[in-house]
Amino acid sequence: MANKSRSPRRSSPPPPIADADGNPIHNEILLGLPPRERELLFSKLEFVRLKRHHVLHEPGDTLRSAYFPNTGLVSILTVFPDGKSVEVGLVGKEGFICLPLVVGFRTAPTRAIAQIEGSAFRVGSETLRGVLRQSPKLERRLQQFSQVRTMQATQLAACNRLHKVNGRLARWLLMSADRIGSNSMPLTQEFLAQTLGTRRSSVTVAAGTLQKAGLITYSHGEVKIINRRKLEEAACECYGIMLRQIEEWQGEVE
Ligand SMILES: [Zn+2]
């Protein structure tokens, strides 16, 4: 324990990196920026809370703002006119929402919705455009993240078609836990069914199977991972494939 008589200045850990209003920054793209680009961008960020099921954009919307998720989890869904949807991407503090803006596009092709409540840093699309012109590192990081999302969407397209719901549910729980940095998450079966593009009854059966095998607990709308190693074994191979590809790319960044 620290000696209480010692100066707090000497015994306290360094303060977390924060925005102009003192909100701690967890987003990894923001944290990875060089000081000059941080200075330019951070003063223009607006800290926003994202309640569960808050929609950031719908397909066809004009993108007026972009988001750097800070805590929580945002799901990217393909939505059909009859209301059916399936998840094609999952973004947490490692990423960015509204990638079309990075290359000058303005319309959203998908729905982005907060699946686990949290916070984000918002920036207006015109402001982002101006910042990007002066921020080569930020532009590069967003282009790289765009490739990660493309890889993820490609893998999930195959996964949604070929893999069974048990394996997909286990894969989804692991991906979510990685992005929020926690083994427990609030979830409803209705939401999971929308995400996995399946019937609610199938999710009930799949969650029950994982629970009976001792991999998760699921009660009162909260899922807890209690045996991660076995959950990895139960997950379809897509979890490992995506993880290895991201690690390989991270090793290639100069
Ligand atoms: Zn899969």
Side-chain angles (χ1 to χ4, degrees), residues 24 26-28 49-56 69-78 83-95 97 111-120 152-153 155-156 158-247:
H26 303 292
N27 180 276
E28 290 163 16
R49 299 215 173 267
L50 300 180
K51 288 201 166 152
R52 192 172 173 192
H53 299 164
H54 175 88
V55 174
L56 281 68
N70 202 44
T71 57
L73 191 68
V74 176
S75 183
I76 311 294
L77 303 173
T78 287
K84 281 187 185 151
S85 62
V86 65
E87 187 176 74
V88 292
L90 201 56
V91 183
K93 62 180 169 28
E94 83 292 356
I97 305 288
R111 174 186 294 161
I113 181 168
Q115 296 292 17
I116 296 176
E117 72 171 22
S119 62
Q152 198 183 55
Q155 191 70 37
L156 293 183
C159 184
N160 288 333
R161 172 68 183 84
L162 295 176
H163 291 155
K164 294 199 164 65
V165 69
N166 285 15
R168 289 199 287 132
L169 175 59
R171 185 263 296 153
W172 191 92
L173 292 170
L174 290 164
M175 287 178 75
S176 302
D178 292 349
R179 280 159 183 79
I180 62 171
S182 167
N183 277 330
S184 67
M185 53 205 100
L187 289 173
T188 63
Q189 297 197 353
E190 190 182 351
F191 145 66
L192 276 173
Q194 275 178 15
T195 302
L196 298 173
T198 188
R199 290 189 308 276
R200 194 178 154 159
S201 55
S202 309
V203 172
T204 308
V205 173
T209 305
L210 295 179
Q211 178 153 248
K212 266 191 222 119
L215 314 189
I216 62 167
T217 58
Y218 185 25
S219 65
H220 306 298
E222 181 161 41
V223 176
K224 257 193 198 128
I225 297 174
I226 52 175
N227 190 330
R228 191 182 164 99
R229 190 182 56 77
K230 284 203 167 170
L231 191 63
E232 285 178 13
E233 285 171 13
C236 65
E237 64 210 275
C238 299
Y239 176 66
I241 289 171
M242 288 187 280
L243 210 56
R244 282 194 296 278
Q245 183 61 66
I246 289 170
E247 279 171 6

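A distance of 8.0 Å separates CD1 of Ile116 from CZ of Arg52, quoted to the nearest 0.5 Å. Atom CZ of residue Arg229 and atom CG of residue Leu215 lie 10.0 Å apart, to the nearest 0.5 angstrom. Atom OG in Ser182 sits 11.5 Å away from atom CG in Leu73 (nearest 0.5 Å). To the nearest 0.5 Å, atoms OG (Ser202) and CG (Leu192) are separated by 12.0 Å. For the atom pair Leu169 CG and Gln189 CD, the distance stands at 9.5 Å (nearest 0.5 Å). To the nearest 0.5 Å, the span separating CZ on Phe191 from CZ on Arg200 amounts to 13.0 Å.
For Lys51 and Glu117, the salt-bridge test fails: no basic side-chain N is under 4.0 Å from an acidic carboxylate O.
Across all their heavy atoms, Ile76 and Ala112 have their closest contact at CD1-CB, 3.9 Å. Nearest heavy atom pair, residue Pro69 against residue Val74, reads CG-CG2, 4.4 Å. Nearest heavy atoms, Ala206 versus Val165: CB-CG1, 4.0 Å. Taking every heavy atom of both residues into account, Val88 and Thr78 meet most closely at CG1-OG1, 3.6 Å. Heavy-atom minimum distance, Ser75 versus Leu77: OG-CD2, 3.5 Å. The two residues Ile241 and Gln155 make their nearest non-hydrogen contact at CG2-OE1, 3.5 Å.
Results of the side chain to side chain contact (heavy atoms under 4.5 Å, CB included) test with Ile216 over Asn183, Leu231, Asn227, Thr209 single out Leu231 as the only residue that passes.
Residues Met185 and Ile225 are in side-chain contact: their nearest non-hydrogen atoms beyond the backbone lie under 4.5 Å apart. Residues Leu90 and Gln115 are not in side-chain contact: their nearest non-hydrogen atoms beyond the backbone lie 4.5 Å or more apart. Looking at heavy atoms from C-beta onward, Ile113 lies out of side-chain contact with His54 at the 4.5 angstrom threshold.
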Just distance, no hydrogens or angles: give the donor-acceptor pairs under 3.5 Å from side chains in residues 170-177, sequence neighbours left out.
{"unit_1": "Trp172", "atom_1": "NE1", "unit_2": "Glu87", "atom_2": "OE1", "d": "2.7"}
{"unit_1": "Trp172", "atom_1": "NE1", "unit_2": "Glu87", "atom_2": "OE2", "d": "3.2"}
{"unit_1": "Ser176", "atom_1": "OG", "unit_2": "Trp172", "atom_2": "O", "d": "2.9"}

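Within a 6.0 Å radius of CD in Glu190, other residues, nucleotides and ligands contribute 12 heavy atoms or fewer.
At distances below 3.5 Å, not a single donor-acceptor pair connects side-chain atoms of Asn27 with backbone N or O atoms of Asn70. With hydrogens and angles ignored, the 3.5 Å screen pairs a side-chain donor or acceptor of Arg168 with a backbone N or O of His163. With hydrogens and angles ignored, the 3.5 Å screen pairs no side-chain donor or acceptor of Gln152 with any backbone N or O of Gly89.
Partners of Arg228 according to the salt bridge (charged side-chain N to carboxylate O under 4.0 Å, His left out) rule, which considers only residues two or more places apart in sequence or in another chain, are Asp178, Glu232.
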